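This structure is a prediction, so every number in the text was calculated from the model and none was measured. Both backbone and side-chain heavy atoms feed into the values below; hydrogens, waters and symmetry mates do not. We number each residue from 1, following the sequence as shown.
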Amino acid sequence: MTSISSTARALLVLVAALLLIMTFRELGYRKLADPDEGRYSEISREMAQSNDFITPRLNGLKYFEKPPMQYWATAIAFKLFGENEFTARLYTLLCALGCIALIGYTATRLYGADTGLYAALTLISSWYFMAFAQVVTLDTGLTFWMTLGVCGFVLAQGAAATTARQKWMLLAWAGMAGAVLSKGLIGIVFPSAAIFFYCLTQRDWRLLARLEWFYGLALFFIITVPWHVLISLQNPEFPHFYFIHEHVERFLTTVHRREAPWWSFIAITILGLMPWGLALFPAINHGWRDPALRIGKPDGSTFAPAKFLLLFSAFVLLFFSQSSSKLPGYILPIFPPLALVLGIYIHQVESKKLTWWLLPLFPLALIGAYAASIEPARRGANEMLQQQMYSDASIWWLSGLLILAAATLLSFALLRKQQKSTAVITMAIANMILVLLLARGYDGLSPLKSGYAVSQAIQQRLALETRPEVRLYAIKIYDQSLPFYLKRTLTLVEYVDEFEMGQKAEPAKHIASIKDLPAVWSMPGPAIAIIQPDLVEELKSLGIRFEIIYRDSRRIAIQKTEQR
């Protein structure tokens, strides 16, 4: 077992500070990407503008798919710091940093400072986790609150004093409540299932008496119940849609059209934890079997934190693997617990044994670099603009992956020389740089992935318009980030998708059929719309007069022209 040298610690602090500054700086560099970044940023923007913190709305329509924790946080950030990409992503990044701090602190309390540092470095080294830290999605916020709940529970089991145990358990209950307000009932289902299966496998039912049921449940309900009651009173359609459609039907059916193979989350977990993803296999065995990892409890019994974390991760993995609805971010909550288990193993294992779990990353990085280099050529000859954009982006991606490959070889050599701490720090730095370069490259694709470019064309026309407010339409298409950049909502025309519930609740706020468009388009006053490229001829056949003010490969912006 090798201790981390003071030189390595000083180097880590310096580089971590520099990378943290770079990460915060990059938050506002990229344009919001569709669909998630545009959707959740716009909900928060509308909440901030309306001061209605009870009923979430997307494009002016009621939107009940998710609870409001992230909307609240981002709406407040918008009010404090302005509506921009930086503030849209700020909550997500802070939640990711919070996860790193929680895992590092928990591991330190349980097994010492060196283990805590290795656990934090392992999570920082996960390119997948750190990539989500810079994206507006609900999964990182959920992961923070669930990590808070899990870590609070684990620390409560080892607390010697009754008051300390009570405080940690109340923190765990608060974490579960925050998770429920972040993404629904899974916030309490997942930790509860892990506790049940731990008691079952360890035959330790006495643990249930240490959960602070009275004060814990009281705190949980104080945090979670008010919003659910208020939104139900204001919106009678909410309970059925939220609890049945969004919880039961999402899990049991393919109504959300998010299907993937059953093994997809297993692959994501292993690849997402790279460079230490393959070391997860011996780390699981070590965490489950090593009796030295158990901690003593005041009643004389013992608790196995690593086993509990593995049971939690296994339940979440199996739950989503069996679900009929799968998105890549769903599995994110297991990354912090697995990072802690990996941190324990990395700290205790001999350096040379780690080399063989690390080395496969080198060919994987080279394969990724090759894929990045040929990506522009995969664009068709008639897509010259896309070829250029992907060519510019691939330079960033290629650079990041080559840096990762070089860092892998360097870390391999360091491990062979028994310099484990420097090797682990090197991989953490390399993966942070990789994530930053991947993000920078992705921004070059913003004309394809974001509504920013089309919003600028529309804004130019709006600035020239002297007549009363211009009517805006989205015809058979909806660009999630466009309302955010326009600071206005659009009237949907023959477009349903996730707006079905909102349109049923407020039918006057949309146009059900494109056949009804000519009547409203011809009304006095200016009008602008976004459409799909293949809709031009259909609109002309309906007698709609317009000029094209913006065009790219997936959408066109048109403006009404007056009849002469």
*Below 4.0 angstrom, N of the basic side chain to O of the carboxylate: do D139 and K183 qualify?*
yes
*For Y29, is the NZ or CZ atom of R440 found under 6.0 angstrom from the centre of its six-membered ring and inside 45 degrees of the ring axis?*
yes
_Proximity of F64 and Y242 rings by center, below 6.0 Å_ = no
_Point-to-point distance, once rounded to the nearest 0.5 Å, from CZ of F319 to CZ of F265_ = 10.5 Å
*asked:* Distance check, rounded to the nearest 0.5 Å: L342 atom CG versus I284 atom CD1?
replied: 8.0 Å
_Side chains of Y111 and Q348, donor plus acceptor under 3.5 Å_ = no
*asked:* So, taking the atom named CG in D36 and the one named CZ in F132, what distance separates them when rounded to the nearest 0.5 Å?
replied: 8.5 Å
*Out of E42, Q480, R89, which residue meets the side chain to side chain contact (heavy atoms under 4.5 Å, CB included) rule with E37?*
R89
*For the residue pair F412 and W356, does the interplanar ring angle fall in the parallel (under 30°), tilted (30 to 60°) or perpendicular (over 60°) class?*
perpendicular
*May I ask you to say whether E350 pairs ionically with K420, meaning some side-chain N is under 4.0 Å from a carboxylate O?*
no
*Only one of F315, F312, F303 passes ring pair (Phe, Tyr, Trp, His ring centres under 6.0 Å) with Y198; say which it is.*
F303
_Return the CG to CG distance between N84 and L90, rounded to the nearest 0.5 Å._
9.5 Å
